[in-house]
Amino acid sequence: MAEYLSDDEDAFAELLARKTDKELLTEQKRCEEELQKAMTRNDTVSRLYEKLYEDNAIGKVSDEWFMQLSHKYEVERMALKSKITALRKKLSESGKQQQQRERFILAVRRFMQMDYLTAPLRELIDHIDVFEAEGIGKNRTQRIVIYYRFVGYAEIPAAPRHPHYKADTRQGVAVEYLTEPKTA
């Protein structure tokens, strides 16, 4: 990933933007719709409460019925008020997604020249999924998926820039690092 970032930082930023914007816009749209419904219902409950009060004042509704309904409306209004506050907070936090993307790119830049893994790498990586090895002998492969802290899993487009790298680690054992997925 660091190699991809160093070759074309703008393309990398665009890749992150496409990944996060789709998820972000879907969630933001859902929150806005839910917020609108909650605000509309809150207005309706307020009007119903006022109407109930007026009906009680002129004697159309008994005091007992007024107490029951007014309690019900007040409980619903308080629930709607807390829901509206939570949705507004969630919508304001969605604006911070851009900042998280920028923080992620800064974190990648910091680790571009790293020669070995260190503890501060936790700032960049959220978790790593290691799958069961497939094949035997020279054809043995193992899939590893890295989930990054600020953006989750980012599918980096395959663009071979360097040839495969082979290293003889010890007698009879060779390791080959692939720059692109190997097909059967």
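Taking the charged nitrogens against the carboxylate oxygens, E27 and K90 do have a contact shorter than 4.0 Å, which makes a salt bridge. Using a 4.0 Å cut-off between charged side-chain N and carboxylate O, R77 and E74 make a salt bridge. The pair R47-D43 does not count as a salt bridge, with every side-chain nitrogen at least 4.0 angstrom from each carboxylate oxygen. Between E34 and K37, none of the side-chain N atoms (NZ, or NE/NH1/NH2) sits under 4.0 Å from a carboxylate O, so this pair counts as no salt bridge.
By the 4.5 Å heavy-atom criterion applied to side chains, E54 and I58 are not counted as neighbours. At a threshold of 4.5 Å between non-hydrogen side-chain atoms, the residues L48 and T44 count as touching.
The hydrophobic cluster containing W65 also contains M67, counting ILVMFWY residues as joined when their side-chain heavy atoms lie under 4.5 angstrom apart, directly or transitively.
For CD1 of I136, the number of neighbouring non-hydrogen atoms (other residues, nucleotides, ligands) closer than 6.0 Å is 12 at most. No more than 12 heavy atoms of other residues, nucleotides or ligands shown are found within 6.0 angstrom of OH on Y53.
Of the possible donor and acceptor atoms, one in the side chain of Q142 sits under 3.5 Å from a partner among the backbone N and O of F131.
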| Passes side-chain contact (heavy atoms from CB on, under 4.5 Å), T85 versus K89? Steps please. | CA-CA 6 Å; T85 303; K89 182 180 178 184; 5.7 Å; no
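Remark: N56 CG to E64 CD distance equals 12.0 Å, nearest 0.5 Å. Rounded to the nearest 0.5 Å, atoms CD1 (I84) and CG (L35) are 6.5 Å apart. The CD atom of E132 lies 11.0 Å from the OG1 atom of T141; values are rounded to the nearest 0.5 Å. A distance of 4.0 Å separates CD in E76 from CZ in R41, rounded to the nearest 0.5 Å. The structure places CE of M39 at 11.0 Å from CG of L80, a figure rounded to the nearest 0.5 Å.
Heavy-atom minimum distance, V61 versus F66: CG1-N, 3.8 Å. Here the closest heavy-atom approach between residue C31 and residue L91 is recorded as CB-CD2, 3.7 Å.
In this pair, H127 and Y147 present their aromatic rings parallel. The plane angle is below 30°, not in the 30 to 60° band.
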